[in-house]
Each structure stands twice: as structure tokens, then as C-alpha cells.
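Okay, so here's the structure we're looking at.
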Amino acid sequence: LAEKIPFYEKLNEADKIQFENRVQDFLEEVKITGVNCEIEELDKLLIASSAVIPVFNFPTWKYYNLKEVLLYPKPFNHDFEMEGSQPIQGMVGNGFMGDKMILSKTSLRQGFQAEKDKKNVGIHEFVHLIDSIDGSTDGIPKVLMSKQYALPWIDLMYIKTKQMLNNETDINLYGTTNEQEFLAVVSEYFFEHPEQLEKKHPELFEMLKYFFGEKS
């Protein structure tokens, strides 16, 4: 954890023990299956850490909407094919796949190797799960927020999306796809590069800090 997870490395000793316990709990509760690839200890560690990081400040949190993570060797398409250059690095299942998540092994590892790039597919997909717990994956994480924050958050999403489309910001343009992708993309930024987010987007930083229970 100290070598691979910057979030863990920054914690105090008591919180590190809590993080370790939460990682272990996740691995006992959620099955991880390799699809045409071997599951190594590092992969388990990165997946579990991706799950724990966004909800670390919520000690009793459980992903009741996830039973299994499928790990593919590399990115895939909507038919789960991996030939050639494919666009999907991770996804949360729906329908008969509703309690599963799919991640690309190469993308998962890359997310933790390049901390300052504001991208982490593991965190991205777990934020989608958090968003969906209220029954609607809509970019408004009701489980993390009081009702009065909904409209300010929607307004802020609109403002930032407009800036992104006008190339006036450093936020990943994939966040303009829809509201749920906006939430996932800016959450990656928040956990990967918080100092830069606070400096460049203070309102967004404060809102995400509130969502994820960060202490001042």
C-alpha cells in the first residue's frame, strides 16, 4: 500500500490501520475474477483501494450494489471484445450484469502509476456505484449530500461543463458526456490531484470535499 497507493501513504498511522482493515473487508465481501488474465495480489490491492478511497470517511460504508469485479487484461468495447484499440477502460454493469463491475487491468494499474494525471479508472467506476445507490445514476450523489445542496451542485455542473466545452478549463472533456460522467471525472481529479483542484476550481473542490466527508 505504501508503495502503490499515494492516498494511503498520506494517512496517519491510525488511519492507515483503518484503511488496511477496510481493504481486507472489501476483499472478503466482493469476488474478483480474471477474464483471460491472471489476478495478481497487486490487482486485488488496487481494486480494493479504489473502492475504499472515495468512502474512507464513511466507516460503515458497504457496496451493497456490487458482488463481483471482472478484470479484463486490457480495454474492451461494448461487446466485451478486446481486439484492436478499444475505448472502454471500465464500466458498471446493468441488467443481468447489475451487481458487477468490469475493469481493464492495464488501465487500473496506469491509474495508480500516474498520480498527477487526474485520471484513475478504479476510482471513476466506484464513484458511479456511489452515485447509483439512490436508484438513479444521474451525477447527483444523494447518499452523500443534504437536499439543499442539489441545486447548487447542478448549477456548478452546468457552469463547469460550459467552461469545459469552451476549452476554458483543465478538467477532462469526457466529463461533458453527461452528469454522471462529470461527477466521476471531477472525483478522479479530487483524489488524484487535490491541491491543483483547490487552486484552479475552489468551488468544485469545496463541494467534493463536502460530498466525500473530508475534514478541514
Worksheet item: Hey, is the main chain of Val185 close enough, under 3.5 Å, to the side chain of Asn172 for a donor-acceptor pair?
Response: no
Worksheet item: Is there a donor-acceptor pair under 3.5 Å between the side chain of Asp131 and the backbone N or O of Asp138?
Response: yes
Can you tell me how far apart [atom1] ([X]) and [atom2] ([Y]) are? Round to the nearest 0.5 Å.
X: Lys209; Y: Glu198; atom1: NZ; atom2: CD; value: 6.5 Å
X: Leu45; Y: Ile5; atom1: CG; atom2: CD1; value: 5.0 Å
X: Glu195; Y: Phe205; atom1: CD; atom2: CZ; value: 8.0 Å
X: Thr106; Y: Gln89; atom1: OG1; atom2: CD; value: 7.5 Å
X: Leu1; Y: Glu9; atom1: CG; atom2: CD; value: 10.5 Å
X: Asn65; Y: Lys100; atom1: CG; atom2: NZ; value: 13.0 Å

[X] and [Y]: side chain donor to acceptor below 3.5 Å:
X: His124; Y: Glu181; value: yes
X: Gln196; Y: Asp170; value: yes
X: Thr33; Y: Glu68; value: yes

Practice prompt. Evaluate the side chain to side chain contact (heavy atoms under 4.5 Å, CB included) criterion for residues Met91 and Phe76: first the C-alpha distance (whole Å), next the side-chain angles of each, then the deciding distance (0.1 Å), finally the verdict.
Written response: CA-CA 10 Å; Met91 66 184 296; Phe76 48 92; 3.7 Å; yes
[X] versus [Y]: any side-chain heavy-atom pair under 4.5 Å?
X: Val52; Y: Tyr8; result: no
X: Met101; Y: Tyr63; result: no
X: Ser50; Y: Glu125; result: no
X: Asn167; Y: Leu173; result: yes
X: Val121; Y: Ser104; result: no
X: Val127; Y: Ile123; result: yes

Do [X] and [Y] sit in the same hydrophobic cluster, where Ile, Leu, Val, Met, Phe, Trp and Tyr count as joined when their side-chain heavy atoms come under 4.5 Å apart?
X: Ile17; Y: Trp61; result: no
X: Met157; Y: Leu165; result: no
X: Ile159; Y: Met207; result: no

Discussion item. With side chain to side chain contact (heavy atoms under 4.5 Å, CB included) as the criterion, how do Val55 and Leu144 come out once you've worked through the C-alpha distance, each side chain's angles and the decisive distance to 0.1 Å?
Written reply: CA-CA 10 Å; Val55 293; Leu144 301 180; 5.6 Å; no
Item to complete: Determine whether more than 12 heavy atoms belonging to other residues, nucleotides or ligands lie under 6.0 Å from atom CD of Glu203.
Response: no
Discussion item. Please determine whether the number of non-hydrogen atoms from other residues, nucleotides or ligands lying under 6.0 Å from atom CD of Gln148 exceeds 12.
Written reply: yes
Could you pull out the closest heavy-atom pair between [X] and [Y], with the gap in Å?
X: Pro75; Y: Ser107; result: CG-OG, 3.7 Å
X: Ser132; Y: Thr137; result: CB-OG1, 3.1 Å
X: Leu208; Y: Val186; result: CD1-O, 3.6 Å
X: Asp15; Y: Phe56; result: O-CZ, 3.5 Å
X: Gly111; Y: Asn120; result: O-ND2, 3.4 Å
X: Leu204; Y: Leu156; result: CA-CD2, 3.8 Å

Practice prompt. Apply the test side chain to side chain contact (heavy atoms under 4.5 Å, CB included) to residues Lys160 and Thr169: give CA-CA distance (whole Å), side-chain angles for both, the deciding distance (0.1 Å), then the verdict.
Written response: CA-CA 8 Å; Lys160 288 299 177 184; Thr169 172; 5.6 Å; no
Fill in: Where at least one partner belongs to residues 143-185, residue pairs that pass ring pair (Phe, Tyr, Trp, His ring centres under 6.0 Å), sequence neighbours excluded
Tyr149-Tyr210, Trp153-Phe182, Trp153-Phe211
Discussion item. Show, in sequence, the C-alpha distance, side-chain angles and deciding distance for Phe191 and Phe126, and conclude whether the ring-ring contact (aromatic ring centres under 6.0 Å, His included) test is met.
Written reply: CA-CA 12 Å; Phe191 288 109; Phe126 276 100; over 10 Å; no
Worksheet item: Which residue, Asn36, Val35, Ile39, forms the side-chain contact (heavy atoms from CB on, under 4.5 Å) with Leu71?
Response: Ile39
Fill in: Geometric class of the Phe19/Phe7 ring pair [parallel <30°, tilted 30-60°, perpendicular >60°]
tilted
Discussion item. If the threshold is 4.0 Å, N to carboxylate O, is there a salt bridge linking Lys105 and Glu40?
Written reply: yes
Discussion item. For His128 and Gln180: C-alpha separation, side-chain torsions, deciding distance, then whether side chain to side chain contact (heavy atoms under 4.5 Å, CB included) applies.
Written reply: CA-CA 7 Å; His128 279 321; Gln180 56 262 42; 4.2 Å; yes
